[in-house]
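Only one structure is covered here, and it is reproduced in the block below.
Residues: numbered from 1 along the sequence shown. Below, each value reflects all heavy atoms present in this structure, side chains not excepted, and no hydrogens, waters or symmetry copies.
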Amino acid sequence: MAQKWHQKASVVAAIIGAVALVAAALIAGAFGLIGDCQPPNASIDESADTGPVVHGSISQATGDEGINAINTGSGSQTIIKGVPPDQHQRQIDEIDEQRQKLQDEFNRQKERVNLLLGGVESVGDVASAFTSPEALAIAEVLRGLSQRYKDSSAPTSQSETDRLRLELADATLANTEHRFRDVIDSIPVEAELIEHGAAQAQVDRALQVSQVRGDAFYGLRKWQQALACYERILEIRPDSWSTRAAVVHCLWSLGRLDQALQHSSALVDHYTRLVEQEGRMEFVANLAASLNNRGIALRKQGKLNDAVHDACEAIEIYTRLVEQEGRTEFAVDLARSLNNRGSALRQMDSLDDAIKDFDASIRVFSRLVDQDGRKELALYLAMSLGNRGTALRKKGKPGAAIKDFDAAIEDFLQFVEKEGRLELSSDLAMILASRGNALKDLRRLGDAIRDYDEAIKTYKRLVEEEGRKELTGDLAMHLNNRGVALRHQRRLDEAIRDFTDSIEMYKDLDRPELNIYLAMSFNNRATALKDLRRLGEAIRDHDNAIEIVRRLVEEEGRPGLTSTLAKSLNNRGIALKDLGRLDDAIRDFRNAIEMHIKAGRPELNIDLAMSFNNLGEVLLIQGHLENAVREYSKAISIFDALVKEGRRVAHYHAIGLFNRAEVLKESDRLDEAIRDYNEAIKTLTQLIEDGREGLAPFLSQAQQGLQDALKQQDERD
């Protein structure tokens with residue numbers, strides 16, 4: 001696709017470039033240069049991965065117009081002290097014309113600023129649509145015109161139409177300044193109503209009101225209200241493609257993914273036709289933006305290969321625009337697209353490739369923020385850092401992940417607490433929860449729970465007090481994650497309460513794309529129930545988790561969740577073993593092993609190693625000592641490889657060595673047993689000295705086992 005449009009790009013690029021240079025010169029000369037952020041990682045007792053994302057773009061020469069300016073209309077004559085009526089009218093017309101330019105710029109920018117909600121994975125700054133350099137330049141002119149009008153005029157009466165035109169100008173400026181609530185308060189909803197048979201001027205006026213109120217709700221992330229405004233516009237103007245792009249964002253946020261994908265595909269088809277069939281090369285960046293948007297919708301539906309394909313198409317277009325045609329204004333869009341592709345690759349467990357994309361995105365945003373003074377892009381930098389942090393955590397590098405999360409949180413605190421950007425509170429909470437996940441991995445459970453508490457407090461306020469019901473899924477996710485940390489602290493009743501709340505929320509939402517998270521919460525509650533020896537209840541929860549994931553894999557074509565199904569089978573196997581149903585446990589462990597091997601890279605699969613270890617334990621109980629040693633050895637081999645790769649699994653490696661040593665001792669293979677005991681003791685001692693908690697009992701058992709083996713050896717000799 002990208003190659004087709006490139007054949008015509010050189011001539012058109014020259015024309016576009018010339019126009020852009022002229023426009024830039026005019027703006028710079030008049031005003032000066034105005035400067036202008038997954039499926040769960042559902043392993044054994046694991047929490048959900050969350051992390052920020054951005055993307056999108058649209059050509060400056062969009063021609064996609066927005067809503068037409070309202071007509072002057074009729075009404076009582078304006079009387080102004082010292083200002084002739086015709087001059088007054090010209091001033092209002094000029095204000096209205098400039099307001100419409102600003103609104104058109106908003107419409108273009110909203111197609112560039114894309115959201116990714118439901119995960120830090122997923123933060124997006126819709127307000128950036130209102131603070132692009134282009135929007136700020138136009139807003140400065142509008143502000144000056146409005147102030148000049150107010151300074152020179154003292155109207156004693158105005159027509160209803162003129163009064164609304166001026167109110168709309170003030171409201172559009174308020175959106176620029178992120179004073180979204182002021183817009184809602186100042187522009188009445190009644191002005192959106194269109195009576196049957198209304199004149200065109202009245203229709204235009206009502207649509208403008210819908211636009212400005214929709215933008216304010218959009219900035220406040222009140223997606224249902226924003227969607228209602230935008231849908232009113234599409235009913236009258238179905239070819240308003242910028243409005244359709246905003247509708248896509250609202251639908252994503254509300255979890256209506258099928259509809260979001262439908263609108264996204266319509267945008268791709270529209271711009272593909274313009275570029276490839278009609279040769280309208282000025283829309284090529286719009287095509288890239290629509291591909292990017294559709295890629296997000298596909299990714300959120302778990303269609304990861306298709307999502308990556310769309311992201312690659314968008315990246316190819318933006319790369320040509322930036323690197324070959326010198327269109328540096330699209331560098332931000334290229335960085336967003338890289339960020340989005342990275343998120344899809346992360347969900348596919350292509351972590352190295354994902355991190356490369358995040359690195360590239362971070363480099364671009366860092367340069368624009370630090371060197372070019374584009375401070376409004378600091379939020380996108382924070383998003384990319386959060387996304388990379390999530391990938392690093394998933395790669396087993398929680399320490400490096402925390403550094404990224406710390407930097408992202410610092411930026412978000414600046415926006416939320418110091419600049420009053422309260423609409424970003426949910427994004428700040430999401431990254432706090434993501435840092436909590438990494439802290440949990442490091443067993444810094446108190447710190448992790450503090451982050452979870454803060455995130456959950458924010459989400460409860462947004463959901464329960466502000467009616468942000470679309471955030472219920474995120475609240476459920478963080479309750480699940482806090483439950484995991486509480487379980488590790490042995491606060492089992494509290495953990496079960498969090499898991500139960502999470503399960504009930506997911507059930508009430510009844511959103512198919514969240515079923516994998518529901519399965520995770522069932523799995524984690526089962527593990528806590530098992531700790532309390534409530535094994536029957538635990539197995540029922542495991543059954544529910546397995547049923548959900550198996551359906552996703554086998555009926556809905558989600559092969560990427562095969563390893564998640566394997567983890568659930570492994571966990572049920574543990575409960576079955578504890579209940580004494582050893583043959584059933586062995587069947588679950590063997591099925592889990594088979595699935596893990598099919599999932600790829602078995603030599604570095606920690607969950608596969610655990611299943612080997614668990615199978616060895618059951619075989620030992622059944623007295624199959626040689627077979628138990630074989631399974632333990634397979635687990636130890638994987639743990640050893642993971643340790644050499646830098647993964648923090650040395651404790652698992654040591655415990656595996658201890659397990660094998662116990663069997664070797666019982667098999668009278670004392671030299672081998674002593675070697676395993678010594679190696680396990682050395683590792684456990686070092687880990688305890690480094691501050692790792694909870695390992696002292698294993699060290700004590702290993703030391704006792706070594707003494708027993710040495711005694712047996714002496715007696716035998």
Side-chain angles (χ1 to χ4, degrees), residues 34-37 52 54 56 66 98-99 101-115 117 123-144 146-147 167-187 208-223 225-226 229-230 242 246 249-250 253 332 365 368-369 373-383 408 410-431 458 461-462 466 468 471:
I34 300 176
D36 330 305
C37 217
V54 287
Q98 198 67 24
R99 190 213 71 82
K101 289 181 180 178
L102 184 56
Q103 184 61 63
D104 289 345
E105 183 59 33
F106 286 173
N107 293 340
R108 283 192 285 270
Q109 292 297 330
K110 283 204 297 292
E111 235 177 316
R112 296 178 69 173
V113 178
N114 305 294
L115 304 184
L117 305 173
V123 239
D125 178 26
V126 294
S128 290
F130 308 114
T131 54
S132 70
E134 297 85 359
L136 290 174
I138 299 169
E140 188 68 21
V141 177
L142 176 58
R143 191 176 292 108
S146 296
Q147 190 59 51
E167 289 174 350
L168 283 168
D170 288 341
T172 308
L173 283 171
N175 278 337
T176 309
E177 297 164 358
H178 305 151
R179 293 186 289 109
F180 304 119
R181 294 185 188 278
D182 291 348
V183 176
I184 303 304
D185 293 338
S186 64
I187 304 294
Q208 282 200 325
V209 172
S210 292
Q211 183 80 66
V212 76
R213 284 176 58 84
D215 289 346
F217 284 127
Y218 187 92
L220 290 170
R221 298 172 181 233
K222 294 184 177 294
W223 306 115
Q225 294 94 320
C229 291
Y230 293 141
S242 59
H249 301 161
C250 296
S253 308
V332 172
F365 286 128
L368 291 170
V369 171
R374 298 282 301 278
K375 299 303 182 184
E376 82 283 0
L377 297 178
L379 191 55
Y380 287 114
L381 175 59
M383 294 172 195
E410 182 179 356
D411 284 339
F412 270 101
L413 285 171
Q414 173 70 31
F415 282 104
V416 173
E417 296 184 353
K418 296 184 179 179
E419 298 184 16
R421 297 281 300 280
L422 298 181
E423 73 274 10
L424 299 176
S425 297
S426 60
D427 298 325
L428 172 59
M430 185 69 74
I431 298 187
T458 297
R461 174 177 59 78
L462 292 170
E466 299 189 15
R468 296 283 303 279
L471 298 176

Query raised in the report: Roughly how far, to the nearest 0.5 Å, is the CG atom of Leu413 from the CD1 atom of Ile431?
Result: 9.5 Å
Query - Glu167 CD to Thr172 OG1 distance, which is reported to the nearest 0.5 Å - result: 11.5 Å
Query raised in the report: Hey, does the side chain of Tyr380 reach the backbone of Phe365 with a donor-acceptor pair shorter than 3.5 angstrom?
Result: no
Query raised in the report: How many angstroms lie between CG in Asp182 and CG in Leu173, if you round to the nearest 0.5 Å?
Result: 12.0 Å
Query - Heavy-atom side-chain proximity of Leu428 to Thr458 below 4.5 angstrom - result: no
Requested in this report: Measure across Ile187 and Leu168 and return the closest heavy-atom pair with its distance rounded to 0.1 Å.
Outcome: CD1-N, 4.3 Å
Query raised in the report: Is a salt bridge present between Glu419 and Lys375, judged by a nitrogen-to-oxygen distance below 4.0 Å?
Result: no
Query raised in the report: Just by distance, with hydrogens left out, do Asn175 and Gln103 show a side-chain donor and acceptor under 3.5 Å apart?
Result: no
Report task. Please report the closest heavy-atom contact between Ala226 and Tyr218, naming both atoms and the distance. Result -> CB-N, 3.7 Å
Query - Under-4.0 Å salt bridge between Asp427 and Arg221 - result: yes
**Report entry** Nearest heavy-atom neighbours spanning Ser425 and Val416
**Finding:** OG-CG1, 3.9 Å
Requested in this report: Quick one: closest heavy-atom pair of Ala382 and Ala408, and the distance?
Outcome: O-CB, 3.4 Å
Query - Sequence-distant partners of Glu466, side-chain contact (heavy atoms from CB on, under 4.5 Å), two or more places apart - result: Arg181, Arg461, Leu462, Arg468
Query raised in the report: Could you give the distance from CG (Leu102) to CD (Gln98), rounded to the nearest 0.5 Å?
Result: 8.0 Å
Query - Validation row, ring centre Trp223 to ring centre Phe217 under 6.0 Å - result: no
Report task. Supply the atom-to-atom distance Ile184 CD1 to Gln225 CD, rounded to the nearest 0.5 angstrom. Result -> 8.0 Å
Query raised in the report: Taking Ser146 for the side chain and Arg143 for the main chain, is one N or O donor matched with an acceptor at less than 3.5 Å?
Result: no
Query - Shortest non-hydrogen separation from Leu377 to Val369 and the atoms involved - result: C-CG2, 3.6 Å
Requested in this report: Mind listing the closest non-hydrogen atom pair of Thr176 and Ala139 along with its distance?
Outcome: CG2-CB, 3.9 Å
